[in-house]
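Below is one structure, written out as structure tokens; comments come after it.
Every chain is numbered from 1, with letters handed out A, B, ... down the list of sequences.
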Number of protein chains: 2
Amino acid sequence: MAKYTIQQAAEISGLKIEALRYYEREGLIRDVHRLPNGHRRYSEQDIQWIEFLICMRDSGMPIRDLKRYVDLCYQKGTGHERCDLLEAHRDAVEVQIAKYEAYLARIEDKIAWYRERLPRRTEQDEANKKE
Amino acid sequence: MAKYTIQQAAEISGLKIEALRYYEREGLIRDVHRLPNGHRRYSEQDIQWIEFLICMRDSGMPIRDLKRYVDLCYQKGTGHERCDLLEAHRDAVEVQIAKYEAYLARIEDKIAWYRERLPRRTEQDEANKKE
DNA sequence: TTAAAACCTGTAGTGCGCTACAGGTCAAGC
DNA sequence: GCTTGACCTGTAGCGCACTACAGGTTTTAA
């Protein structure tokens, strides 16, 4: 059940060990199993939960809001409220994507502008390109 | 030509006055016209440039990288290099959008999961929803 | 004439999300 | 038995992108 050391959990999730401990301190990760010597052992579910946290955080939810969601997860009868939060976040992510797409279009315009104006690359340019 | 006060530039761009001055200190905005008393007057081009900066910043380019790009803009014969930077950034934005879309799908799955499991909202729930 | 508004410079502080460090425990291998 | 390494806690520090503040000048309006 609880089979991963903190190092392994870090490797799997991509978070650093320090960040895992930080999340736990902040209350985002809870009830991690401990060996008698106090070492953490993460279960498969812990890993899944961590990946969910990463999803939420990387899609723009601040730690504080995520904390509020997690708090709800530890209270019974808050299903609707949690779902509302998720839906609000989904909407925010959609808005974010739309913004990124608008920025992308603008950047592409600028690239096109350069392409029209720029003389062909010389061999020297190519050599300098360092790719 | 140079017609906007810093306050107006802030209103138009959505940046705060302090941020405009900060960007100037950092070298992202240059050659802003000054009245004899030292007050800034932004031109239409300044505004456009500021909006470009915001586009780059909000699409994920760190100030430091943006600074490097701006530095190139003040050096002749760097067109190709600038274009390369823009293309690299465009690629990064595309990757970012793809990530956001994956996160979005995951969030939607979770919402669907809740929807399947959750009993219908009671009137009390609706009243608590505070929308 | 004086008070308020808008601006200036320079520097210090803030909030976020980690990240690093100090000082310690414990188990395994040489 | 001693070192190494992975872990622990608690606290301090960092990097980024602002943001606020102190202390000043100048213009405008009452």
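In this structure, CG of A/Leu35 is placed 11 Å from C1' of C/dC26, rounded to the nearest angstrom. To the nearest angstrom, C1' of D/dA17 lies 14 Å from CG of B/Asp65. For the pair A/Glu26 CD and C/dG15 C1', the interatomic distance rounds to 13 Å; values are reported in whole Å. If you measure from atom OH of B/Tyr22 to atom P of C/dT11, you get 16 Å, rounded to the nearest angstrom. The CG atom of A/Asn37 sits 19 Å away from the P atom of C/dG24 (whole-angstrom rounding). Spacing between atom NE2 of B/His33 and atom P of C/dC7 amounts to 15 Å, rounded to whole angstrom units. One can place CZ of B/Arg25 at 9 Å from P of C/dG10, the figure rounded to the nearest angstrom.
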I'd like a list of close polar pairs between nucleotides 2-7 of chain D and the protein, N/O only, cut-off under 3.5 Å.
{"from": "D/dC7", "atom 1": "OP1", "to": "A/Thr5", "atom 2": "OG1", "distance (Å)": "3.3"}

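Applying the ring pair (Phe, Tyr, Trp, His ring centres under 6.0 Å) definition to pairs two or more places apart or across chains, those involving residues 87-107 of chain B are A/Tyr100-B/Tyr100. Contacts classified as side-chain hydrogen bond (donor to acceptor under 3.5 Å, both in side chains) and involving residues 19-30 of chain A (residues at least two apart or in different chains) are given here: A/Tyr23-A/Arg57, A/Glu24-A/Arg34, A/Glu24-A/Arg40, A/Arg30-A/Asp71. Listed by first and then second residue, the salt bridge (charged side-chain N to carboxylate O under 4.0 Å, His left out) pairs that reach into residues 88-105 of chain A come to none, sequence neighbours excluded.
Nearest to the side-chain atoms of A/Tyr23 among the listed nucleotides D/dA17, C/dC18, C/dT19 stands C/dC18. Taking every side-chain heavy atom of A/Glu18 into account, C/dT19 is the closest of C/dT19, D/dT19, D/dA17.
Legend: residues meeting salt bridge (Lys or Arg N to Asp or Glu O under 4.0 Å) with A/Arg68, ordered by chain and number and at least two apart, are absent. Every salt bridge (Lys or Arg N to Asp or Glu O under 4.0 Å) that B/Lys3 has, sequence neighbours left out, goes to B/Glu44. Legend: residues meeting side chain to side chain contact (heavy atoms under 4.5 Å, CB included) with B/Gln7, ordered by chain and number and at least two apart, are B/Thr5, B/Glu11, B/Ile17.
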Hey, can you pull the donor-acceptor pairs under 3.5 Å for the side chains in residues 109-117 of chain B, sequence neighbours left out?
{"from": "B/Tyr114", "atom 1": "OH", "to": "A/Tyr69", "atom 2": "OH", "distance (Å)": "3.1"}
{"from": "B/Tyr114", "atom 1": "OH", "to": "A/Arg82", "atom 2": "NH1", "distance (Å)": "3.1"}
{"from": "B/Arg115", "atom 1": "NH2", "to": "A/Glu87", "atom 2": "OE2", "distance (Å)": "2.4"}
{"from": "B/Arg117", "atom 1": "NE", "to": "B/Trp113", "atom 2": "O", "distance (Å)": "3.2"}

Could you summarise the pairing of DNA chain D as dot-bracket text, marking Watson-Crick and G-U pairs under 3.5 Å with ( ) or [ ] inside the strand and | across strands?
-> ||||||||||||||||||||||||||||||
